[in-house]
Novice: 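Okay, handing you the structure first.
Computed from a predicted model, the values in this text were never measured in an experiment.
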Amino acid sequence: KIFFFFFMTRWYKDKKREHFYNKAKNQGYRARSAYKLKQIQKKFHIIKKGDKVVDLGAAPGGWSQVAKEIVGEEGLVVGIDLSFIKPLEDVVFLKGDMTEKDSLDRVVEIVGDSKVDVVLSDMSPDITGNYSMDQARSVYLCEKALDASKIILKDGGFFVCKIFEGEDLKSFVKKVKNCFSVVRRFNPPASRKSSSEVYIVAKGFQC
């Protein structure tokens, strides 16, 4: 019975991964993670037509695809990542380290004088297998994304970032609450049930 339980649990997880992978492939999205943003959008309505959106850690471009679909021709999507991102029509991709000032300056140059409506971050650290270290690195990336938001996000704007559950999560959420009027935690159905990731969704930038 125990073996059967673990077998069925593994089967369900594999089936779920396969479902979103195949769905992404069939619908032309670059990654299954596109459905996480779709589910965040459905619940919180963070992106509107005509918005300016910055996608931090954008590779391979799935979130940028979804964002561009929503903002339309009048909007702007800028993605940045350490890895090369295959070009996507009407999306500006930059190769760079968003934790470095020079890279952020390039983003500022592209978005122009007016600040952006939404900052997205689906960044994840290189996994070492040491969970405490991985979680700390995840928090570090989120803090850098929050720092970037303080520079490029307009008043009232939205901020979304992925973070790993752990002892530093509460303190990071507190920092986000200092800058936004509403802060929520959300686990998109497209995330694996075994995953330790959670998304922080914040609105009403006022920092």
Novice: For A59, does its backbone N or O pair with a side-chain atom of D81 as donor and acceptor, under 3.5 Å?
Specialist: yes
Novice: Is there a donor-acceptor contact under 3.5 Å from the side chain of S181 to the main chain of K203?
Specialist: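 At least one qualifying donor-acceptor pair exists.
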Novice: Can you give the donor-acceptor pairs under 3.5 Å from side chains of residues 173-180 to other protein atoms, not counting sequence neighbours?
Specialist:
unit_1 : atom_1 : unit_2 : atom_2 : d
K175   : NZ     : E143   : OE2    : 2.7
N178   : ND2    : K174   : O      : 3.4

Novice: Return yes if a side-chain donor-acceptor contact under 3.5 Å exists between K154 and S114, otherwise no.
Specialist: no
Novice: What's the shortest heavy-atom distance between F93 and G61, and which atoms?
Specialist: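 That closest heavy-atom pairing would be CZ-CA, 4.3 Å.
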Novice: Using 0.5 Å steps for rounding, measure from the CG atom of L104 to the CD1 atom of I80.
Specialist: 7.5 Å
Novice: In terms of side-chain geometry, is the basic nitrogen of K101 or D105 positioned less than 4.0 Å from the acidic oxygen of its partner?
Specialist: yes
Novice: Hey, could you give me the CD/CZ distance between Q135 and F172, rounded to the nearest 0.5 Å?
Specialist: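 It is 11.0 Å, given to the nearest 0.5 Å.
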Novice: Hey, is the main chain of A34 close enough, under 3.5 Å, to the side chain of Q65 for a donor-acceptor pair?
Specialist: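 No.
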Novice: Only counting residues at least two apart or in another chain, list the ones meeting ring pair (Phe, Tyr, Trp, His ring centres under 6.0 Å) with Y131.
Specialist: none
Novice: Same cluster or not: are V182 and I47 linked, directly or through other Ile, Leu, Val, Met, Phe, Trp or Tyr residues, by side-chain heavy atoms under 4.5 angstrom apart?
Specialist: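 V182 and I47: separate clusters.
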Novice: Answer yes or no: is there a donor N or O on one side and an acceptor on the other, between the side chain of K38 and the main chain of K42, under 3.5 Å?
Specialist: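 No: the side chain of K38 does not pair with the backbone of K42.
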Novice: Could you check whether any side-chain heavy atom of L120 comes within less than 4.5 Å of a side-chain heavy atom of V54, counting everything from C-beta outward?
Specialist: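 No; the side chains remain at least 4.5 Å from each other.
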Novice: Please name the pair of heavy atoms, one in L76 and one in V111, separated by the smallest distance, quoted to 0.1 Å.
Specialist: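 Heavy atoms of L76 and V111 come nearest at CD2-CA, 4.2 Å.
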Novice: Test V119 against I152 for side-chain contact (heavy atoms from CB on, under 4.5 Å), laying out the working first.
Specialist: CA-CA 8 Å; V119 173; I152 62 177; 3.9 Å; yes
Novice: Working to the nearest 0.5 angstrom, can you tell me the gap between R137 CZ and D126 CG?
Specialist: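 Going from CZ on R137 over to CG on D126, the span is 7.5 Å.
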Novice: Do NZ/NE/NH1/NH2 and the carboxylate oxygens of K49 and E69 come within less than 4.0 Å?
Specialist: no
Novice: Tell me, with the steps shown, if S103 and D97 meet side chain to side chain donor-acceptor pair (under 3.5 Å).
Specialist: CA-CA 6 Å; S103 295; D97 183 350; 6.0 Å; no
Novice: Nearest heavy-atom pair of M123 and L141: which atoms, and what distance?
Specialist: CE-O, 3.5 Å
Novice: How many angstroms lie between atom CG of L146 and atom OG of S121, to the nearest 0.5 angstrom?
Specialist: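 Output value for this atom pair is 10.5 Å.
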Novice: Salt bridge between R106 and E100, side-chain N to carboxylate O under 4.0 Å?
Specialist: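 E100 and R106: not salt-bridged.
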Novice: Flag the pair D90 / E73 as yes when at least one side-chain heavy-atom distance between them is below 4.5 Å, and no otherwise.
Specialist: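 In short, these two side chains do not touch, never coming nearer than 4.5 Å.
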Novice: Determine, step by step, whether I46 and L37 satisfy the side-chain contact (heavy atoms from CB on, under 4.5 Å) criterion, reporting the C-alpha distance in whole Å, the side-chain angles of both residues, the deciding distance to 0.1 Å, and the verdict.
Specialist: CA-CA 10 Å; I46 59 173; L37 181 56; 4.1 Å; yes
Novice: Just to verify, what does S171 make a side-chain contact (heavy atoms from CB on, under 4.5 Å) with, not counting sequence neighbours?
Specialist: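 side-chain contact (heavy atoms from CB on, under 4.5 Å) list for S171, sorted by chain: D168.
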Novice: Is a side-chain donor or acceptor of D122 paired with a backbone partner of C161 at a separation under 3.5 angstrom?
Specialist: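 The answer is no, because no donor-acceptor pair under 3.5 Å joins these two groups.
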Novice: Kindly say whether S138 contributes a backbone atom to a donor-acceptor pair with the side chain of K162 at under 3.5 angstrom?
Specialist: no
Novice: Are F159 and V66 connected in the hydrophobic side-chain network, where two residues link if heavy atoms are under 4.5 Å apart?
Specialist: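 Not linked; separate clusters.
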Novice: Linking I/L/V/M/F/W/Y whenever their side-chain heavy atoms sit closer than 4.5 Å, directly or via other members, would V78 and F205 fall into one cluster?
Specialist: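 V78 clusters together with F205.
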Novice: Test side-chain contact (heavy atoms from CB on, under 4.5 Å) on Y199 and N187; report intermediate values, then the result.
Specialist: CA-CA 6 Å; Y199 286 84; N187 294 89; over 6 Å; no
Novice: Tell me whether W63 contacts the main-chain N or O of A58 through its side chain, where contact means a donor paired with an acceptor under 3.5 Å.
Specialist: no
Novice: Looking at K52 and D117, is there a salt bridge between them, counting it only when a charged N and a carboxylate O are closer than 4.0 Å?
Specialist: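 Salt bridge flag = no for K52 with D117.
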Novice: Please report the C-alpha distance between E165 and K170 in whole Å, then the side-chain angles of each, then the deciding distance to 0.1 Å, and finally whether the salt bridge (Lys or Arg N to Asp or Glu O under 4.0 Å) criterion is met.
Specialist: CA-CA 9 Å; E165 295 266 17; K170 187 178 292 186; over 6 Å; no
Novice: Could you grab the distance from atom CD of E197 to atom OG of S124, nearest 0.5 Å is fine?
Specialist: 8.0 Å
Novice: Just checking, is any N or O donor in the side chain of N130 or T128 under 3.5 Å from an acceptor N or O on the other one?
Specialist: no
Novice: If hydrophobic clusters are built by linking Ile, Leu, Val, Met, Phe, Trp and Tyr wherever their side-chain heavy atoms come under 4.5 Å apart, do V53 and V116 end up in the same one?
Specialist: no
Novice: Return the minimal non-hydrogen interatomic distance between R32 and A190, and the atom names on each side.
Specialist: NH2-O, 3.2 Å
Novice: Using side-chain contact (heavy atoms from CB on, under 4.5 Å) as the criterion, point out the one residue from V201, I163, V198 that pairs with R185.
Specialist: V198
Novice: Under 6.0 Å from the CD atom of Q206, do we count more than 12 heavy atoms belonging to anything else shown?
Specialist: yes
Novice: So K115 and L153, side-chain contact (heavy atoms from CB on, under 4.5 Å) or not? Walk me through it.
Specialist: CA-CA 5 Å; K115 296 189 175 183; L153 191 60; 6.0 Å; no
Novice: Indicate if L94 and I85 have the same hydrophobic cluster label, given that clusters are the connected sets of ILVMFWY residues with side-chain heavy-atom separations under 4.5 angstrom.
Specialist: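 Per the 4.5 Å side-chain linkage, L94 and I85 are not co-clustered.
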Novice: So which atom in V77 and which in V91 form the shortest heavy-atom distance, rounded to 0.1 Å?
Specialist: O-CG1, 3.6 Å
Novice: Can the ring centroids of F186 and F44 be said to lie less than 6.0 angstrom from one another?
Specialist: yes
Novice: Determine the minimum heavy-atom distance between F164 and D134, stating which atoms define it.
Specialist: CD1-O, 3.8 Å
Novice: Would you indicate whether the side-chain heavy atoms of I200 and V183 approach each other to under 4.5 Å?
Specialist: yes
